[in-house]
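Only one structure is covered here, and it is reproduced in the block below.
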Amino acid sequence: MSLLSDRVLNMSTSATLAMAAKTRELKAQGKDIIGLSLGEPDFNTPDYIKNAAIQAINEDYNSYTPVDGYLDLKEAIITKFKRDNNLKYTLPQIVVSTGAKQALANVASVMLNKGDEVILPCPYWVSYSDIVKLFEGIPVEVKTSIENDFKMTPEQLEAAITPKTKMIWYSSPCNPSGSLYSTEELRSLADVLQKYPDIYVVSDEIYEHINFTNNGHASMAQFEDMFDRTITVNGVSKAFAMTGWRIGYIGAPEEIARACNKMQGQITSGANCIAQRATITALNESPSRVKFMIDEFKIRRDLVLDLLSGIEGFQTNTPEGAFYVFPNISSYFGKTLRGTTINNATDFSLYLLEEALVATVTGDAFGNPDCIRISYAASQEQIIEAIKRIKEAVS
Ligand code: PMP
Ligand code: GLU
C-alpha cells in the first residue's frame with residue numbers, strides 16, 4: 001500500500017507557486033533573480049484597509065466566525081455585487097472562503113461527480129484543471145487562438161459540449177492572457193447555453209477592477225437567463241493587494257451556496273476573522289480608492305508590450321486587464337541558445353531563469369504549450385531590466 005493517496009500523487013504542483021518557491025530559493029542563494037512569475041501585486045495593502053484590521057484586533061475579534069462569513073461582510077458583498085455588477089444576490093447565496101481558490105475548490109467539490117466534464121477555455125488559470133481532476137471531473141480544454149485574443153467563440157463552446165458537460169469555468173479578465181469578455185461576447189456564449197439548461201458557469205471575476213478599457217466589467221450572471229446557473233467568484237487578493245489575507249467569496253444559486261457552506265464547515269470553517277473585518281472596509285469603500293494601482297498596471301502593460309515588441313519571436317496580444325502578458329514563443333522551439341536546446345515552453349522558461357535570471361511561468365501550466373506567462377506586477381525598473389536580460393539571453 002502506498003503511503004500517499006493516488007489523489008495527491010496524480011495532482012500537479014501549482015506551477016505558479018512552484019516557480020515562486022524556486023525564485024525565493026535562488027534569491028536566498030544570493031542570485032539576482034527578477035521574479036515575474038507570481039500573480040501578486042507588488043503594492044502594499046492600502047492603509048485604510050490595514051487600519052480596519054488593526055481596529056478589529058483591538059476590538060477583540062478573535063472567535064470563530066460563521067462558516068460562510070460574518071453577516072455584515074456578506075451584506076457588504078451583496079452591496080458590492082449590486083453597486084459594481086448590478087447583480088442582486090441575497091444572504092443565503094453568499095459564501096466567504098479562504099481565498100477565491102478555496103471558493104473554486106468548494107464549488108468543484110459540491111458539484112462534480114466522477115466523469116462530469118468541465119469546459120476550460122485555454123489558456124486557463126493554473127489551478128482550474130487540477131481542482132476539477134481532484135474532484136474526479138474531466139477537464140475539457142478548448143484551444144483558443146492569439147488572433148482571437150485567446151477567447152472562446154460560441155462555435156467552439158458548442159462543439160465542446162457533450163451530454164456529460166456539467167460546467168464551464170473561465171476567468172475574465174483572464175489569468176494568464178489578460179483578455180476580457182465583453183457583454184456581447186458573454187451574451188453569445190449564453191445564447192449557446194440556452195439549448196443546454198443543465199450546464200452551469202463558473203465566472204471567476206477576481207481581476208474585475210484591473211481593467212484597462214473604458215467599457216467596464218461584464219458578468220455572466222448579469223443575464224437574467226444565466227443568473228440561476230452562474231457561480232460568480234471574486235475576492236480581494238488582486239485589486240486590493242491583499243493576497244496573503246486570503247479572502248474570496250461567491251455569489252451562487254442558493255442550493256450550491258448552502259452546499260459550499262456545508263463542505264467548508266467540515267474542511268476549514270470560516271475564513272480568518274481579522275481579514276474578514278478588513279474586507280468589509282475594502283468592499284464598502286469606493287473601488288476608485290485603488291485606481292492608482294490599476295493606472296500603474298496599465299502603464300506597465302504598455303511598457304512590457306513595447307519592450308517585448310523589440311525582441312524577435314515574441315508574439316503578443318494586447319491584454320485588456322489583469323497583470324499578465326502571455327507571449328507565444330514557439331518560434332524558439334528546436335533552436336539552440338547558448339548550448340541549450342529549447343524543445344518547449346518549459347525549456348524556454350527554465351532557460352530564462354538560468355540564463356537571464358528572470359522567473360516566468362511555462363504556458364503548459366495554463367493549457368497552452370506555445371506560450372509563457374510574464375507577470376508585470378513588478379516595478380517599472382525591474383520590468384525594464386528583466387526584458388533587457390531576456391533580450392540578451394535569446395539573441
Ligand atoms: N482565480 C484566478 C484567475 C487567479 O489568478 C487567482 C490567483 N491567486 C485565484 C483565482 C485565487 O485567488 P485567491 O485564492 O488569492 O483569492
Ligand atoms: N493566482 C496567482 C498566479 O496565478 C497566485 C498564485 C496561485 O495562487 O497559484 O500567479
Side-chain angles (χ1 to χ4, degrees), residues 11-24 35-42 45 69 77 95-108 120-132 134 150 168-181 201-211 217 219-220 231-250 260 264 268 271-272 275-276 278-279 282-283 297 319 321-326 349 359-368 371-378:
M11 181 190 253
S12 338
T13 299
S14 162
T16 46
L17 298 185
M19 201 53 151
K22 177 110 192 131
T23 306
R24 266 184 231 119
L36 303 184
S37 61
L38 196 59
E40 161 154 90
D42 55 322
T45 306
I77 291 168
V95 180
V96 178
S97 300
T98 300
K101 203 178 248 180
Q102 187 186 27
L104 289 161
N106 280 344
V107 171
L120 304 179
C122 301
Y124 49 77
W125 180 49
V126 60
S127 293
Y128 289 174
S129 168
D130 274 284
I131 291 176
V132 166
L134 179 62
F150 293 114
I168 299 158
W169 284 29
Y170 70 90
S171 60
S172 177
C174 174
N175 176 2
S177 69
S179 303
L180 307 181
Y181 284 94
V201 175
V202 168
S203 174
D204 181 346
E205 305 182 10
I206 195 161
Y207 294 95
E208 167 189 9
H209 295 301
I210 309 178
N211 177 331
H217 171 77
S219 298
M220 186 59 100
I231 297 103
T232 307
V233 178
N234 211 321
V236 290
S237 283
K238 310 295 173 176
F240 301 94
M242 292 174 71
T243 49
W245 297 65
R246 313 301 308 123
I247 298 291
Y249 54 88
I250 55 166
C260 289
Q264 189 166 294
T268 56
N272 176 288
Q276 285 194 51
T279 298
L283 297 182
F297 284 133
F323 35 63
Y324 310 101
V325 273
F326 198 59
S349 175
T360 58
V361 185
T362 174
D364 286 284
F366 307 94
N368 184 325
C371 298
I372 58 166
R373 189 187 79 175
I374 298 176
S375 160
Y376 50 85

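Because the structure is predicted, anything quoted here is derived from the model rather than measured. First listed ligand is number 1; within each ligand, the first listed atom is number 1.
In this structure, the side chains of Met19 and Ser349 come closer than 4.5 Å at one or more pairs of heavy atoms. Counting only heavy atoms from C-beta outward, the side chains of Arg246 and Lys101 approach each other to under 4.5 Å.
When only non-hydrogen protein atoms are considered, atom 12 (O) of ligand 1 lies nearest to Ile206 CD1, 3.5 Å. The protein non-hydrogen atom at the shortest distance from atom 9 (C) of ligand 1 is Trp125 CH2, 3.4 Å.
The shortest separation from a heavy atom of Gly248 to ligand 1 is not under 4.0 Å, leaving the residue out of contact. Residue contacts with ligand 1 include Lys238, since one of its heavy atoms falls under 4.0 Å from the ligand. Distances shorter than 4.0 angstrom do not occur between any heavy atom of Gly235 and any atom of ligand 1.
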* Stepwise side chain to side chain contact (heavy atoms under 4.5 Å, CB included) check, Cys371 with Phe150 -> CA-CA 12 Å; Cys371 298; Phe150 293 114; 4.2 Å; yes
* Please report the C-alpha distance between Phe366 and Val361 in whole Å, then the side-chain angles of each, then the deciding distance to 0.1 Å, and finally whether the side chain to side chain contact (heavy atoms under 4.5 Å, CB included) criterion is met. => CA-CA 9 Å; Phe366 307 94; Val361 185; 3.6 Å; yes
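A donor-acceptor contact closer than 3.5 angstrom is absent between the side chains of Ser97 and Tyr249.
The N/O atoms of Lys101, backbone and side chain alike, include one that comes under 3.5 Å of an N/O atom in ligand 1.
Pocket lining of ligand 2, defined as residues with a non-hydrogen atom under 4.0 Å away: Ser14, Thr16, Leu17, Leu38, Gly39, Lys101, Trp125, Asn175, Lys238, Tyr324, Arg373.
Under the rule for a side chain to side chain contact (heavy atoms under 4.5 Å, CB included), the partners of Ala275 that lie at least two apart in sequence or sit in another chain are Trp245, Ile247, Asn272. Partners of Asn234 by side-chain hydrogen bond (donor to acceptor under 3.5 Å, both in side chains), not counting sequence neighbours, listed by chain and number: Glu208. Taking Ala377 as the reference, Asp42, Phe297, Phe323, Ser375 meet the side chain to side chain contact (heavy atoms under 4.5 Å, CB included) condition, with sequence neighbours excluded.
Contacts between Arg246 and ligand 1 below 4.0 angstrom, taking non-hydrogen atoms only, involve the side chain exclusively. Counting heavy atoms under 4.0 Å from ligand 1, residue Ala100 touches it through both backbone and side chain.
When each atom of ligand 1 is checked for a heavy atom of Asp204 under 4.0 Å away, the hits are 1 (N), 2 (C), 3 (C), 10 (C). When each atom of ligand 1 is checked for a heavy atom of Asn175 under 4.0 Å away, the hits are 3 (C), 4 (C), 5 (O). Taking a cut-off of under 4.0 Å to the non-hydrogen atoms of Tyr207, the atoms of ligand 1 that pass are 3 (C), 4 (C), 5 (O).
Relative orientation of the Tyr128 and Trp125 rings is perpendicular, given thresholds of 30° and 60° on the angle between their planes.
Aromatic ring centroids of Tyr324 and Tyr207 lie under 6.0 Å apart.
How far CD1 of Ile250 is from CG of Asp204: 12.0 Å, rounded to the nearest 0.5 Å.
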